[in-house]
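This chain uses plain numbering: 1 for the first residue, then up along the sequence.
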Amino acid sequence: MHTNQVALLLDLAQTHSFNQTAERLFTTQQNVSYSMRQLEKELQVQIFHRTKSGVFFTPEGEQVL
């Protein structure tokens, strides 16, 4: 886990939105999504439920957080 992934993860816990996190951290939504998918692959766990209404942490994601 890299420090930028930690920053993204913590911000996602507040915003529940890849777009808002991207805006707040001056990056793109695609970068946030890619970084979180890479983290999920690295940890071999699904961290989020991605829905049209937002991003929500799975129980495993809560433990990661």
>> I'd like to know whether OH of Y34 has more than 12 heavy-atom contacts from other residues, nucleotides or ligands below 6.0 angstrom.
In response: no

>> If the condition is side chain to side chain donor-acceptor pair (under 3.5 Å), which residues does Q30 pass it with, not counting sequence neighbours?
In response: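 Side chain to side chain donor-acceptor pair (under 3.5 Å) list for Q30, sorted by chain: empty.
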
> Do T15 and S17 have side-chain N/O donor and acceptor atoms under 3.5 Å apart?
Replying inline: no

> Should Q38 and Q5 count as side-chain neighbours, where that means a heavy-atom distance under 4.5 Å?
Replying inline: yes

> Would a 4.5 Å heavy-atom cut-off, applied to side chains only, mark Q20 and Q14 as touching?
Replying inline: no

> Would E60 and Q46 satisfy side chain to side chain contact (heavy atoms under 4.5 Å, CB included), going step by step from the backbone distance to the final call?
Replying inline: CA-CA 7 Å; E60 294 86 1; Q46 182 179 356; 5.9 Å; no

> Can you list the other members of the hydrophobic cluster that holds L65, where links are side-chain heavy atoms under 4.5 angstrom apart?
Replying inline: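 Taking Ile, Leu, Val, Met, Phe, Trp and Tyr as members, L65 shares its hydrophobic cluster with M1, V6, L8, L9, L10, L12, F18, L25, V32, M36, L39, L43, V45, I47, F48, V55, F57, V64.
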
> Roughly how far, to the nearest 0.5 Å, is the CZ atom of R24 from the CG atom of D11?
Replying inline: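 If I round to the nearest 0.5 Å, the distance is 4.0 Å.
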
> Can any side-chain N or O of S35 pair as donor or acceptor with the backbone N or O of N31 at less than 3.5 Å?
Replying inline: yes

